[in-house]
Asks: 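Got a structure here, written out as structure tokens. Questions coming.
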Amino acid sequence: MIVIGGGLAGLSAGVALAEAGWRVRLFEQRPFLGGRATSYVLPDGEHVDNCQHVTLKCCTNLEDFYRRVGSAGKIKFFGRLLFQDPQGRTGEMQAGLLPAPFHMFGSFATFAPLTLADKYCIGRAMMDILRSKGKPRDLEEAGGISMLEWLRRRRQTPGAMERFWKVVLVSALDEELDRTDARYGVDVFWKGFLCNHTGYRMGVPGVPLAQLYDGCKAEIERRGGEVNLRSPLRAIHLAGGLVNGVEFDGGRQETADAYLFALPHGALSELLTEEIKLLEPSLANLDNIRVAPITGVHFWFDREVMREPFVTLLEATTQWIFNKTALYGNANGSSGDKGQYLQLVISASYDLLQKPRQEIIDLCLAEVRHAVPAAREAVLIKATVIKEAAATFSPQPGVDRWRPMQETSIRGMFLAGDWTATGWPATMEGAVRSGYLAAEAILRVAGTPRKFLQPDLPPDGLVRMFS
Ligand SMILES: Cc1cc2nc3c(=O)[nH]c(=O)nc-3n(C[C@H](O)[C@H](O)[C@H](O)COP(=O)(O)OP(=O)(O)OC[C@H]3O[C@@H](n4cnc5c(N)ncnc54)[C@H](O)[C@@H]3O)c2cc1C
């Protein structure tokens with residue numbers, strides 16, 4: 001079995017197939033594993049995540065994957081999400097004693113950045129999601145409708161739009177509301193906030209991302225397989241309607257019983273021949289899947305400036321501030337014992353793509369100093385900006401029609417990647433789901449079916465009673 005691509009999709013499929021007794025040979029073009037969800041060392045010696053990555057408790061397959069590779073203990077879960085507006089008012093989202101779907105009622109009622117009118121219209125929209133069990137009727141309209149349109153139909157106030165819907169959804173889906181299919185937006189609230197009282201709990205790695213994959217190579221090798229780094233795929237060869245080999249640098253050819261292409265859709269598209277697109281027409285449409293950017297800004301201060309593990313800023317360019325020093329258990333990396341390392345995240349950062357790095361640093365530093373008073377006195381020792389222009393696929397209305405299944409009509413050719421048909425947006429959970437679905441498809445075709453896909457969190461509390 002050959003797997004191309006060492007991101008979460010390729011790794012989860014590789015580990016699952018190794019467990020099922022297959023000899024997995026994984027090829028990754030970069031010198032490290034993890035794909036977009038990884039970390040590396042900067043030229044100045046600093047270990048940084050490609051960007052801060054977070055998960056939610058409702059991401060059951062990612063959690064299962066971390067468990068399989070011995071990394072589940074490296075994720076810290078938090079039940080309190082903190083928000084702060086430019087006026088310094090704060091609000092929390094935290095489950096209280098009431099059962100789902102009312103578990104957030106207490107913190108929502110006292111959420112200072114929202115007015116009573118904002119809360120009333122948000123509550124009405126939530127009831128609509130709840131009554132329809134996450135499937136309001138207008139989501140089924142041909143071609144899909146945007147989240148903005150869905151919210152307009154439910155007459156949301158400007159405050160509710162700016163300080164609630166946009167804040168949660170741009171971070172979760174990496175796209176503006178007018179370019180987001182309402183199906184994805186509604187799903188975030190149904191799975192994350194309404195149907196189960198733990199679904200919203202946020203998991204943040206307590207180690208640099210690459211360390212989460214330490215167990216993958218060992219697991220694949222333990223079953224006789226291998227992980228080949230610095231091995232970019234250059235060509236896919238077909239004969240008689242089936243894949244009969246793949247080619248790497250120097251004309252090196254490799255063959256296997258089955259091939260799993262777990263590449264980003266743009267990278268795969270460049271390797272597809274006309275013959276492949278003719279045999280599997282869904283692959284002719286990959287260029288219709290658009291991409292969206294995320295920008296990460298890393299600040300190292302000479303002293304501690306914040307205690308909270310993370311905070312979300314409202315109505316600012318900076319959406320999240322993560323306290324990496326606290327999340328890593330007070331290890332400060334190379335910036336000295338008393339310093340503090342913060343990582344800022346800006347999703348759907350279209351406006352920043354063309355901006356010079358120094359301008360982004362100045363803008364974000366001013367926002368951090370406004371939001372975190374202790375940062376005003378602190379000295380910024382160094383800063384770096386990581387722009388990912390193609391961070392995720394854009395969840396545009398109707399995008400699902402361009403997402404291919406994991407099993408293709410070309411014998412021996414399977415697909416995985418967050419962009420394949422999983423029903424999930426571009427997330428680590430979506431990538432692992434695609435990997436598990438691909439592994440299931442391979443075993444099904446081989447005549448040895450096995451299940452890897454994990455069920456969603458079950459509805460609980462009153463949602464369960466009325467489901
Ligand atoms: C900045 C940023 C922030 C994000 N934040 C979050 C978050 O907080 N939570 C969340 O759930 N998700 C987040 N995501 C999305 C998440 O990272 C992705 O959805 C997920 O990692 C995709 O995994 P994948 O395996 O499908 O693709 P990838 O991770 O892209 O893996 C594909 C692999 O294929 C390799 N490859 C490409 N071409 C070749 C070739 N020719 N030969 C061999 N190998 C090749 C690549 O090097 C890569 O390792 C974020 C993404 C980015 C970029």
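Just follow the structure's listing: the first ligand is 1, and inside any ligand the first atom is 1. Source: prediction; values computed, not measured.
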Asks: Answer with yes or no after comparing the ring centroid distance for Trp419 and Phe393 against a 6.0 Å cut-off, counting only values under it.
Replies: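 No; Phe393 has its ring centre 6.0 Å or more from that of Trp419.
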Asks: Among all protein heavy atoms in this structure, tell me which lies nearest to atom 25 (O) of ligand 1, with the distance rounded to 0.1 Å.
Replies: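 In this structure, atom 25 (O) of ligand 1 has Ala9 N, 2.9 Å as its nearest protein heavy atom.
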Asks: Would you say Thr55 contacts ligand 1, with heavy atoms under 4.0 Å as the rule?
Replies: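 Contact check Thr55 vs ligand 1: negative.
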Asks: Determine whether a donor-acceptor pair (N or O, by modelled atom type, separation under 3.5 Å) exists between the side chain of Arg23 and the backbone of Met1.
Replies: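 Side chain of Arg23 to backbone of Met1, a donor-acceptor pair under 3.5 Å: no, none is there.
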Asks: Show me which atoms of ligand 1 lie under 4.0 Å from any heavy atom of Gly7.
Replies: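 By the 4.0 Å cutoff, the relevant atoms are 25 (O), 29 (O), 31 (O), 33 (C), 49 (O).
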Asks: Please confirm whether Ser231 comes under 4.0 Å of ligand 1, counting heavy atoms of the residue only.
Replies: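 Per 4.0 Å heavy-atom rule, Ser231 contacts ligand 1.
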Asks: At less than 4.0 angstrom from any non-hydrogen atom of Arg30, what atoms of ligand 1 do you find?
Replies: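 Ligand 1 atoms under the 4.0 Å threshold to Arg30: 47 (O).
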Asks: What protein heavy atom is closest to atom 23 (O) of ligand 1, reported as residue, atom name and distance in Å?
Replies: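 Result: Ala431 CB, 3.4 Å.
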Asks: So which heavy atom in the protein is nearest atom 52 (C) of ligand 1, and how far is it from that ligand atom?
Replies: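 I find the closest protein heavy atom is Ala391 CB, 3.8 Å.
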Asks: Please confirm whether Thr392 comes within less than 3.5 Å of ligand 1 when only nitrogen or oxygen atoms on both sides are compared.
Replies: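 No, Thr392 has no N/O under 3.5 Å of an N/O on ligand 1.
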Asks: Please check if the side chain of Asn196 supplies one atom and the backbone of Pro459 the other of a donor-acceptor pair under 3.5 Å.
Replies: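 Such a contact is absent between Asn196 side chain and Pro459 backbone.
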Asks: Any heavy atom of Gly430 sitting closer than 4.0 Å to ligand 1?
Replies: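 It does not; every heavy atom stays at 4.0 Å or beyond.
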Asks: Which atoms of ligand 1 have any heavy atom of Ala37 under 4.0 Å away?
Replies: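 Counting atoms of ligand 1 from 1, those under 4.0 Å from Ala37 are 17 (O), 21 (O).
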Asks: If I apply the N/O under 3.5 Å rule, does Thr427 come out as touching ligand 1?
Replies: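 Yes.
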Asks: Looking only at the aromatic ring of each residue, does the gap between the centers of Tyr436 and Phe65 stay below 6.0 angstrom?
Replies: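 So the answer is no for these two rings.
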Asks: Specify side chain, backbone, both or neither for Cys59, according to which of its non-hydrogen atoms lie closer than 4.0 Å to ligand 1.
Replies: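 The answer is neither; Cys59 stays 4.0 Å or more away.
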Asks: For ligand 1, which atoms sit closer than 4.0 Å to a heavy atom of Leu263?
Replies: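 Listed by number with element, the hits are 34 (O), 36 (N), 37 (C), 38 (N), 39 (C), 40 (C), 44 (N), 45 (C).
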Asks: What do we get for Gln29 next to ligand 1 when only non-hydrogen atoms under 4.0 Å count, side chain, backbone, both or neither?
Replies: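 Both the backbone and the side chain of Gln29 come within reach of ligand 1.
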Asks: As a check for students: among Glu28, Glu270, Gln52, His265, identify the option with a heavy atom nearest to atom 47 (O) of ligand 1.
Replies: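 Among Glu28, Glu270, Gln52, His265, the closest heavy atom to atom 47 (O) of ligand 1 comes from Glu28.
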Asks: Against the six-membered ring of Phe77, is Lys57 placed for a cation-pi contact (under 6.0 Å from the centre, within 45° of the normal)?
Replies: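 Checked: cation-pi criterion met.
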Asks: With respect to Pro232, determine whether any N or O atom, backbone or side chain, lies less than 3.5 Å from an N or O atom of ligand 1.
Replies: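 No; every N/O pair is 3.5 Å or more apart.
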Asks: Show me, pair by pair, the donor-acceptor contacts under 3.5 angstrom made by side chains of residues 344-357, not counting sequence neighbours?
Replies:
{"residue": "Ser349", "atom": "OG", "partner": "Thr295", "partner atom": "N", "Å": "3.2"}
{"residue": "Ser349", "atom": "OG", "partner": "Thr295", "partner atom": "OG1", "Å": "2.8"}
{"residue": "Tyr350", "atom": "OH", "partner": "Glu175", "partner atom": "OE1", "Å": "3.2"}
{"residue": "Tyr350", "atom": "OH", "partner": "Glu175", "partner atom": "OE2", "Å": "2.7"}
{"residue": "Arg357", "atom": "NH1", "partner": "Val385", "partner atom": "O", "Å": "2.6"}

Asks: When you measure from the heavy atoms of Gly296 to every atom of ligand 1, does any distance fall below 4.0 Å?
Replies: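 In this structure, Gly296 fails to qualify as a contact of ligand 1 - no heavy atom is under 4.0 Å.
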Asks: Is it the case that ligand 1 has an N or O less than 3.5 angstrom from some N or O of His53?
Replies: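 Yes, there is a polar N/O contact under 3.5 Å.
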Asks: Heavy-atom contacts with Gly5 under 4.0 Å: which atoms of ligand 1 show up? List them by number with element.
Replies: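 Once the distances to Gly5 are compared, the set is 33 (C), 34 (O).
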Asks: Any atoms of ligand 1 less than 4.0 Å from a non-hydrogen atom of Cys51? List them with their elements.
Replies: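 Those qualifying, in numeric order: 1 (C), 2 (C), 3 (C).
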Asks: Are Tyr259 and Phe414 an aromatic pair, judged by ring center distance below 6.0 Å?
Replies: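 For Phe414 and Tyr259, the ring centres are not under 6.0 Å apart.
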Asks: Considering non-hydrogen atoms of the protein only, which is the closest contact for atom 3 (C) of ligand 1, and what is the distance?
Replies: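 Sorting protein heavy atoms by distance from atom 3 (C) of ligand 1 puts Ile294 CD1, 3.4 Å first.
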Asks: Counting from 1, what ligand 1 atoms have a heavy atom of Gly417 closer than 4.0 Å?
Replies: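 Numbered from 1, ligand 1 contributes 26 (O).
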Asks: Closer than 3.5 angstrom, by distance alone: can the side chain of Ser231 be matched with the main-chain N or O of Phe27 as a donor-acceptor pair?
Replies: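 Not a single qualifying donor-acceptor pair exists.
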Asks: Tell me which part of Ala262 gets within contact of ligand 1: side chain, backbone, both or neither, using heavy atoms under 4.0 Å.
Replies: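 The answer is the backbone.
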Asks: Check this for me - ligand 1, Met428, N or O atoms closer than 3.5 angstrom, yes or no?
Replies: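 Between Met428 and ligand 1, an N or O pair is found under 3.5 Å apart.
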Asks: Could you give all pairs that pass the salt bridge (Lys or Arg N to Asp or Glu O under 4.0 Å) test and reach residues 277-298, with sequence neighbours left out?
Replies: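 Sorted pair list: Glu274-Lys277.
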Asks: Before we go on, tell me: are the rings of Phe301 and Tyr341 under 6.0 Å apart, centre to centre?
Replies: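 So the answer is no for these two rings.
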Asks: Please indicate whether any nitrogen or oxygen in Asp418 is less than 3.5 Å from any nitrogen or oxygen in ligand 1.
Replies: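 Between Asp418 and ligand 1, an N or O pair is found under 3.5 Å apart.
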Asks: Below the 3.5 angstrom mark, is there an N/O of Pro264, backbone or side chain, next to an N/O of ligand 1?
Replies: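 Checking ligand 1 against Pro264, no N or O pair falls under 3.5 Å apart.
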Asks: Where does the angle between the aromatic ring planes of His103 and Tyr200 fall among parallel (under 30°), tilted (30 to 60°) and perpendicular (over 60°)?
Replies: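 Ring orientation of His103 relative to Tyr200: tilted.
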Asks: Quick check on the 6.0 Å ring-centre criterion: do Phe189 and Phe164 meet it?
Replies: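 Ring centres of Phe164 and Phe189 closer than 6.0 Å.
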Asks: Between Gln340 and Met306, is there a donor-acceptor pair closer than 3.5 Å when you use the side chain of the first and the backbone of the second?
Replies: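 Yes, the answer is positive, given that a donor and an acceptor are paired below the 3.5 Å cut-off.
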Asks: Looking at every non-hydrogen atom in both residues, tell me the closest pair between Ala439 and Ala16 and how far apart they are.
Replies: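 Here Ala439 and Ala16 meet closest at CB-CB, 4.0 Å.
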Asks: What protein heavy atom is closest to atom 29 (O) of ligand 1, reported as residue, atom name and distance in Å?
Replies: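 So the nearest neighbour among protein heavy atoms is Arg36 N, 2.8 Å.
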Asks: Does Glu315 reach the main-chain N or O of Arg163 with its side chain, forming a donor-acceptor pair under 3.5 Å?
Replies: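 No: the side chain of Glu315 does not pair with the backbone of Arg163.
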Asks: Hey, is ligand 1 close enough to Ile4 that some N/O pair sits below 3.5 Å?
Replies: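 Not met; the criterion fails.
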Asks: For atom 9 (N) of ligand 1, what is the nearest protein heavy atom, given as residue, atom name and distance?
Replies: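 For atom 9 (N) of ligand 1, the nearest protein heavy atom is Val54 O, 2.9 Å.
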Asks: Distance under 4.0 Å to a non-hydrogen atom of Leu233: what atoms of ligand 1 satisfy this?
Replies: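 Counting atoms of ligand 1 from 1, those under 4.0 Å from Leu233 are 40 (C), 41 (N), 42 (N), 43 (C).
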Asks: Of the options Arg223, Arg222, Arg68, which is the one that meets Glu19 in a salt bridge (Lys or Arg N to Asp or Glu O under 4.0 Å)?
Replies: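 Looking at Arg223, Arg222, Arg68, the match for Glu19 under the salt bridge (Lys or Arg N to Asp or Glu O under 4.0 Å) is Arg68.
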Asks: Between Ser107 (side chain only) and Gln94 (backbone N and O only), is there a donor and an acceptor less than 3.5 Å apart?
Replies: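 Yes: the side chain of Ser107 pairs with the backbone of Gln94.
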